[in-house]
Trainee: 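First, the structure itself, so that you have it in front of you.
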Protein chains: 2
Amino acid sequence: MTTPPDAATWTALADPHRRAMLGLLRQRPRAVGELVDALELSQPSTSKHLRVLREAGLVRVRAQAQRRVYEVDPEPLVALDAWLAPYRRLWSDSLDALGRRLDGTAVEDPAHEPSEDTP
Amino acid sequence: MTTPPDAATWTALADPHRRAMLGLLRQRPRAVGELVDALELSQPSTSKHLRVLREAGLVRVRAQAQRRVYEVDPEPLVALDAWLAPYRRLWSDSLDALGRRLDGTAVEDPAHEPSEDTP
DNA sequence: CTGGCATATTCCTGTTCCGGCATACTTCTC
DNA sequence: GAGAAGTATGCCGGAACAGGAATATGCCAG
């Protein structure tokens, strides 16, 4: 049933700076200072955003002497991917004539996805 | 290069009610009243959320006499899917031994994705 | 054209969120 | 140890956002 993304995941990704951070960390792990330089953010602000990402489980920290090296933890993104799955048929059906390639996106009967996320 | 998701898409999806709405609309198009009943929200609040979704391009409206029937427009989700793509290798490489199935997720050389979203 | 239904919009309030500045904490260097 | 580098946290003001109530708008039935 593939757990839907945690609310924290969504709110973490809602911010452009945090998405940019994730983009940089996807390339390679980086210390906070590198991120401060790359994005044009103050160090405290950067740390706070990293905190949000960390608490959402999107990044992991490993301490290297005084510096903290952050790297992406893809797990919440897997959940996002799963969340997206049922919507995928909405366009793959029409645009992708090849249809059902044998990935997870098996063609299920309509209107029976997990109701998910209903508050 | 697959345009990255608009900021509006992310903020629209950041709200649980709006995600729930999208989930309901994915099953079938619905009029506002149906959504008001399904979610436990006031009608004005519902309309406002629909407005956000609409302006993000995530839903389309078609007028049916006095009622407005909403349905999902998957286009922004395609962008989301594309945004997710470069991250997918982070877990498909490790978990999915089958690797590079021939979808869009071709295996590119690391650390060269579009820098995207940098504010 | 009057009244009623379905939806959108406005106004207002409480809350959350972001950014900057100052500061505390930890670890390295000398 | 003293000081510096690297990072995290607290506090604050301003902006953005969510929800409710009341109201406005469009459309239909009689």
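Convention: sequence-line order gives letters A, B, ...; per-chain numbering from 1. FYI, side chains are in, hydrogens and waters are out, and symmetry mates aren't considered; it's all heavy atoms of this structure.
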Trainee: Is there a donor-acceptor pair closer than 3.5 Å between any side-chain N or O of Arg18(A) and the backbone N or O of Ala12(A)?
Mentor: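 At least one qualifying donor-acceptor pair exists.
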Trainee: What integer distance in Å separates Leu39(B):CG from dG19(D):P?
Mentor: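 In whole Å, dG19(D) P and Leu39(B) CG are 11 Å from each other.
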Trainee: Between Arg88(B) and Asp81(B) (side chain of the first, backbone of the second, donor and acceptor by atom type, cut-off under 3.5 Å), is there such a pair?
Mentor: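 Yes, the answer is positive, given that a donor and an acceptor are paired below the 3.5 Å cut-off.
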Trainee: Whole Å only: how far is the CE atom of Met21(B) from the C1' atom of dG19(D)?
Mentor: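 These atoms are roughly 12 Å apart.
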Trainee: Less than 4.5 Å apart, any side-chain heavy atom of Asp15(B) and any of Val52(B)?
Mentor: no
Trainee: Within the structure, does a side-chain N or O atom of Tyr70(B) lie under 4.0 Å from either OP1 or OP2 of dA6(C)?
Mentor: no
Trainee: Taking only residues two or more places apart in sequence, or in another chain, which ones meet Ala8(B) in a side chain to side chain contact (heavy atoms under 4.5 Å, CB included)?
Mentor: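 Scan of Ala8(B) (side chain to side chain contact (heavy atoms under 4.5 Å, CB included), adjacent residues dropped) gives Asp6(B), Ala56(B).
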Trainee: Could you tell me if the side chain of Leu39(B) sits less than 4.5 Å from the side chain of Leu24(B), heavy atoms only?
Mentor: yes
Trainee: If the cut-off is 4.0 Å, is Arg67(A) near the phosphate of dT27(C), judged by side-chain N/O to OP1 or OP2?
Mentor: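 No, because none of the side-chain N or O atoms of Arg67(A) sits under 4.0 Å from OP1 or OP2 of dT27(C).
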Trainee: So for the helix from dC1(C)-dG30(D) to dC30(C)-dG1(D), with five pairs setting each end axis, what is the inter-axis angle to 10°?
Mentor: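 Here the local axes at opposite ends form an angle of 20°.
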Trainee: Base, sugar-phosphate, or nothing for Ala63(B), non-hydrogen atoms under 4.0 angstrom?
Mentor: nothing
Trainee: For Leu50(A) and dT7(D), what is the distance between atoms CG and C1' respectively, to the nearest whole Å?
Mentor: 10 Å
Trainee: Between Leu13(B) and Leu77(B), is there a side-chain heavy-atom distance shorter than 4.5 Å?
Mentor: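 Yes. Closest side-chain heavy atoms under 4.5 Å.
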Trainee: Quick check: are there more than 12 heavy atoms from other residues, nucleotides or ligands sitting under 6.0 Å from CD of Glu55(B)?
Mentor: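 Enclosed: over 12 neighbouring heavy atoms sit under 6.0 Å from CD of Glu55(B).
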Trainee: If a protein heavy atom is under 4.0 Å from the base, mark B; if only from the sugar-phosphate, S; if neither, -; do that for nucleotides 17-24 of chain C going 5' to 3'.
Mentor: -SBBBB--
Trainee: Looking at residues at least two apart in the chain, or sitting in another chain, which of them share a side chain to side chain donor-acceptor pair (under 3.5 Å) with Gln43(A)?
Mentor: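 Applying side chain to side chain donor-acceptor pair (under 3.5 Å) to Gln43(A) gives Ser47(A).
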Trainee: Quick one: is the NZ or CZ of Arg26(B) closer than 6.0 Å to the six-membered ring centre of Tyr87(A), and within 45° of its axis?
Mentor: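 Pair Arg26(B)/Tyr87(A) counts as cation-pi.
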Trainee: For Leu25(B) and Leu35(B): C-alpha separation, side-chain torsions, deciding distance, then whether side-chain contact (heavy atoms from CB on, under 4.5 Å) applies.
Mentor: CA-CA 9 Å; Leu25(B) 295 178; Leu35(B) 295 173; 4.2 Å; yes
Trainee: Under the side chain to side chain contact (heavy atoms under 4.5 Å, CB included) test, which residues partner Gln64(B), sequence neighbours left out?
Mentor: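 Partners of Gln64(B) under the side chain to side chain contact (heavy atoms under 4.5 Å, CB included) test: Arg62(B), Arg67(B), Val69(B).
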Trainee: When the distance from CG of Leu35(A) to C1' of dG6(D) is rounded to whole Å, what number comes out?
Mentor: 13 Å
Trainee: For every nucleotide of nucleotides 25-30 of chain D, 5' to 3': is a protein heavy atom under 4.0 Å from its base (B), only from its sugar-phosphate (S), or from neither (-)?
Mentor: --BS--
Trainee: Rounded off to whole Å, could you give me the CD-to-P distance for the Glu55(A) and dT9(D) pair?
Mentor: 8 Å
